Protein chains: 2
Amino acid sequence: MANAPNERTGRRIQSVEIAFTILDAVRKNDRPSITELADELGHSKSTIYSHLQTLESEEIIVREDDGYRLSLQVLDMANDVRNQVANYDVIVDAVDELANETGEIAQFGIEEHGQVSYLYKARGNQAVETASRAGGKQPIYSTSLGKSILAFLPPDRQEEIVSETTFERKTPKTITDPARLYTELEEIAERGYAIDDEENIEGLRCVATPVRNGTSVVGAVSVTGPASRITDDYLHGELAESVQRAANVIELNTKFS
Amino acid sequence: MANAPNERTGRRIQSVEIAFTILDAVRKNDRPSITELADELGHSKSTIYSHLQTLESEEIIVREDDGYRLSLQVLDMANDVRNQVANYDVIVDAVDELANETGEIAQFGIEEHGQVSYLYKARGNQAVETASRAGGKQPIYSTSLGKSILAFLPPDRQEEIVSETTFERKTPKTITDPARLYTELEEIAERGYAIDDEENIEGLRCVATPVRNGTSVVGAVSVTGPASRITDDYLHGELAESVQRAANVIELNTKFS
DNA sequence: AAGTATGTTCCTCAGAGCGGAACTCTTCAC
DNA sequence: GTGAAGAGTTCCGCTCTGAGGAACATACTT
């Protein structure tokens, strides 16, 4: 809708693309019917029909009286994902602990397709409400998680991501200039942690540190709180330390393959 | 592997089936490579290649240095599923409460493709360990959840499911005879709750009641515990009541569309 | 420097998959 | 109770997609 991602090389398989378009529509519309989907997606009823049949026989969707919906197999897949990405239990423990310790929101995220995806989110007892949730995505350049990951990625990958990114201003403070981003990434690499000073959401500041496996970055941990509580001193002092400690705990407790 | 499900009517779309076969392999193998997948699935490298390209551009899988894995978008889908199926928050609250109250495992499940799928599981403070988890599936005839749902399904749907089911003996007490199942379903319909007396896993007994929306069944709640603690009196008395209370809470707090 | 593994591209032909239209079956209006 | 409207399902034919083989590129091994 907003971005035209990688056109890349290699052939796309049309029917598979159609299938996922349908899946997406089933996700977003509430129990759509065949005709509904055919209209919305601009395909013939017969096309949609065979696709739905296929998806149902794959047990990825379920047909009910009032329309199609996703099946719980997706939850099963979600379990697998959590453990493929990282040692999920270790991350949950560390992030929970960080949230309790600070009272704020603590999160773990990784880079995917040039964006940050959240793997886990925990809320401390005075945490503000935010829309982010596990599985959600945010720009890499406007979040502390994103920048901290980016800063420690190999240069070629770093450039690849930046070059494929279209910068959108999310707040007055959002970085929208690649050059500006690169200089900040250098700072981050030196300092060891990244901050987000109301660059993604107004009123919110974050600190994040990368979680590494040897030299490569696997993800990052962050704390998010209201600008009113997160003063400069606190952010660069105690909070940065807490976040780094959490990242260390994850690194140590994770047995990377 | 064990069962040949519905051959049904309607055309299947081959390339979509291949795509999901690949997805499945990506789930189960640890970061497989293209060649690995080509060998395992018996397709040419070029076929696998274009499929992986497609799946990656759909952002459903991610390519990393050491192979492909599922993307966190799956977690996002999981969020959608939870709320499509039912009012997830209401269920979580009620099931947690039930687990605390009894100290055992409490679960909520629904029927999908003739089986029981778990939507949510909570563990009380003396709960035994079981392999079941959200997204997992179990036979409908050997679980209290399954039987309680089945008992309240419309007769035609009930028969459809039973006729498509192949009964496998899971313990000495498992029901493997349709006739036997039907008579038990009648009992359940009268009594209002179903039990599983070590029919699915030896040493475990369960009680379950359906959760209904008007006349139609949306799912069921259950409690599972070791046979040693779950005596006949307790099971048919206090425990059955607790489970029914939980089901009621869910029914009342859920605003069905 | 040759050898082995991978990922990538090219090409071709069979047949898969899309759309259109016909056919059921149910639901509603009156 | 009858007709119309809408849903889902089936059928069919033509086009062009997608599967596979093989050649090419690239990265590691030894």
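Owing to the predicted nature of the structure, the values given are computational and were not obtained by experimental measurement. Below, chain A is the first sequence line, B the second, and so on; all start at residue 1.
For A/E64 and D/dA7, the CD to P distance is 19 Å, given to the nearest whole Å. As a whole-Å value, the separation of B/Q53 CD from D/dA19 C1' is 16 Å. Rounded to whole Å, atom C1' of D/dT17 lies 15 Å from atom CZ of A/R12. One atom, CD1 of B/I48, and another, C1' of C/dT8, lie 14 Å apart when rounded to the nearest Å.
Remark: A/T47 is in phosphate contact with C/dG19, judged by side-chain N or O atoms under 4.0 Å from OP1 or OP2. Taking 4.0 angstrom as the limit, A/R63 places none of its side-chain polar atoms (N or O) nearer than this to OP1 or OP2 of D/dA7. Proximity of A/H43 to the phosphate of C/dC18: no side-chain N or O atom is located under 4.0 Å from OP1 or OP2. For A/H51, a side-chain nitrogen or oxygen approaches OP1 or OP2 of C/dC18 to under 4.0 Å. Side-chain nitrogen and oxygen atoms of A/Y49 include none within less than 4.0 Å of the OP1 or OP2 phosphate oxygen of D/dG8. Here B/T35 reaches the OP1 or OP2 of C/dG7: one of its side-chain N or O atoms lies under 4.0 Å away.
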A/T174 and A/N200: side chain to side chain contact (heavy atoms under 4.5 Å, CB included), yes or no, with the steps? CA-CA 6 Å; A/T174 306; A/N200 194 50; over 6 Å; no
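Comparing the start and finish of the helix from C/dA1-D/dT30 to C/dC30-D/dG1, five pairs each, the helix axis swings through 40°, to the nearest 10 degrees.
For B/S46 against D/dG20, a side-chain N or O and a base N or O form a donor-acceptor pair under 3.5 Å. For A/K45 and C/dG20, a side-chain-to-base donor-acceptor distance below 3.5 Å is absent, hydrogens and geometry of angles not being considered.
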Table of protein N/O atoms under 3.5 Å from nucleotides 27-29 of chain D N/O atoms:
none

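Screening A/Q138, A/K137, A/Q107 against A/S132 for a side-chain hydrogen bond (donor to acceptor under 3.5 Å, both in side chains) leaves a single residue, A/Q107.
Nucleic acid contact for B/S15: sugar-phosphate only, since backbone atoms but no base atoms lie under 4.0 Å from a heavy atom of the residue.
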